[in-house]
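Everything on this sheet refers to the single structure shown next.
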Amino acid sequence: TTTVDGVLCYFYSDKELTTCLPGGYTITKPEKTGYTFGGYYTNKNGEGDRYVLENGNFANQLWKNFATDVTLYAKWTPKTYTVTVNAGEGTIPATSGWTVASGSKTATKTVTYGQPYGTLPTPTNPGYDLDGRYDPNGNKITETDIVNITSDTTLTAQWLGAEYTVTLDPDGGTVSTTTVKVRKEGKYGTLPTPTKVGYTFKGWYNNSGNKIEATTTVNLIADETLTAQWEAIKTTLTVNPQGGTWEGDTVQQTFIQDYSTTKDISDPTAPNGYVVSFDCNGGDSNPSALTQPVTFNNWTLTDGSTFVGTTY
């Protein structure tokens, strides 16, 4: 406070009491972050008569106009600043209220201290999702945030790899889940292991024939399908004609078979039976020898059971 010609004068900066100094009837201008001082008025919000100018000089001889104590109110005008949005690797489409620079990499707008930022540009970047626009301090700025900067500022777009759906095709097998979500430039992570009777799972492969593993980096621009590849479990089949002839050979033959494949097993040719010869010791005999007849009965499997049919 100060007294001018016997009149008590209060100078307020809204809720803050302002220093009021004499000396050529000039006061020290009050300060308020984000605002410009517009003088002192007889009413709030810059209404009524102004008695102190922006520079702190008195505009009127208030001590002659008032015969009692008087309170004058500071007028504050919010400052404006230029905000630039930098799209980084993306581009900025036309956005209401913003001036988009040539090349569509940046856009500018004038914002007012104490007011919301309002509509913000939404940059695009193929294969990425916009995470947000961040100020130099790493704060994410949204349209409803209140402007509290005190100088021109740049907001920089930050990106997340876009999310895609990967469909898992078990190719005749079964799998616990048929879709997973991945993000560009992230890793596929652990994928489910399918099962298929008679087969060993060899991995998931994309349409280009590349094997996709947990540590593979996602480099997609659209959803994709991965297909399971299988290797048939192999078994050994041994065919032993036991002295007979099978497929032109009298010894056992070995075959490697994939699961679900078959082989025709024909009947073998029986071996010659035992021969009984008759020695007449100088006499005559008809016949002179007898051959024991031998016929094929059946194939016997390793476990002792009988093979039925003609296909194994």
Check: [X] side chain, [Y] main-chain N or O, donor-acceptor pair, under 3.5 Å:
X	Y	value
Trp159	Ala87	yes
Glu143	Leu120	yes
Arg133	Pro121	yes
Ser208	Asn210	no
Thr153	Ser151	yes

For this session: State plainly whether the residues Lys140 and Asp145 are in salt-bridge range, i.e. N to O under 4.0 Å.
Result: no

Do [X] and [Y] come within less than 4.5 Å of each other through their side chains, counting heavy atoms only?
X	Y	answer
Thr200	Ile233	yes
Leu168	Thr227	no
Thr122	Thr95	no
Val166	Lys181	no
Val83	Asp152	no
Ile265	Val239	yes
Thr261	Lys234	no
Phe201	Val175	no

For this session: Show your reasoning for whether side chain to side chain contact (heavy atoms under 4.5 Å, CB included) applies to Gln253 and Trp246.
Result: CA-CA 9 Å; Gln253 300 179 54; Trp246 183 77; 3.4 Å; yes

Between [atom1] of [X] and [atom2] of [Y], what distance do you get to the nearest 0.5 Å?
X	Y	atom1	atom2	value
Gln115	Asn148	CD	CG	12.5 Å
Glu213	Trp204	CD	CH2	13.5 Å
Ile256	Thr236	CD1	OG1	3.5 Å
Asp49	Tyr41	CG	OH	10.0 Å
Asn206	Thr216	CG	OG1	9.0 Å
Tyr259	Glu231	OH	CD	15.5 Å

Do you know which two heavy atoms are closest between [X] and [Y], and how far apart they sit?
X	Y	result
Val294	Pro271	CB-O, 3.7 Å
Asp258	Ala232	CB-CB, 3.7 Å
Pro194	Ala228	CG-CB, 4.2 Å
Ser305	Asp303	OG-OD1, 2.6 Å
Pro268	Trp299	CD-CZ2, 3.5 Å
Asp223	Thr165	OD1-N, 2.9 Å

For this session: Establish, for the pair Lys75 and Phe37, whether the NZ or CZ atom is under 6.0 angstrom from the six-membered ring centre and no further than 45 degrees off its axis.
Result: no

If hydrophobic clusters are built from ILVMFWY residues whose side chains come within less than 4.5 Å, do [X] and [Y] share one?
X	Y	result
Phe296	Phe307	yes
Leu130	Leu220	no
Tyr205	Tyr199	no
Phe255	Leu301	yes
Ile92	Tyr117	yes

Exercise. Can we call the ring centroids of Tyr73 and Tyr40 under 6.0 Å apart?
Worked result: no

Do [X] and [Y] have side-chain N/O donor and acceptor atoms under 3.5 Å apart?
X	Y	value
Thr91	Lys105	no
Thr195	Thr174	yes
Thr82	Lys109	no

For this session: Start with the C-alpha gap between Tyr188 and Thr217, add the side-chain angles, then the distance that decides, and say whether side chain to side chain contact (heavy atoms under 4.5 Å, CB included) holds.
Result: CA-CA 7 Å; Tyr188 279 84; Thr217 299; over 6 Å; no

Exercise. Do other residues, nucleotides or ligands put more than 12 heavy atoms under 6.0 Å from the CD1 atom of Ile221?
Worked result: no

Exercise. For Lys187, does the NZ atom sit with more than 12 other heavy atoms under 6.0 Å from it, leaving out its own atoms?
Worked result: yes

Problem set entry | Full working for side chain to side chain contact (heavy atoms under 4.5 Å, CB included) between Leu237 and Lys263 | CA-CA 9 Å; Leu237 172 64; Lys263 185 167 184 61; 4.2 Å; yes

Exercise. Which is it for Tyr134 and Asn139 under the side chain to side chain contact (heavy atoms under 4.5 Å, CB included) test, yes or no, and what are the steps along the way?
Worked result: CA-CA 5 Å; Tyr134 288 78; Asn139 300 309; 5.9 Å; no

For this session: Apply the test side chain to side chain donor-acceptor pair (under 3.5 Å) to residues Tyr128 and Asp131: give CA-CA distance (whole Å), side-chain angles for both, the deciding distance (0.1 Å), then the verdict.
Result: CA-CA 9 Å; Tyr128 295 85; Asp131 177 47; over 6 Å; no

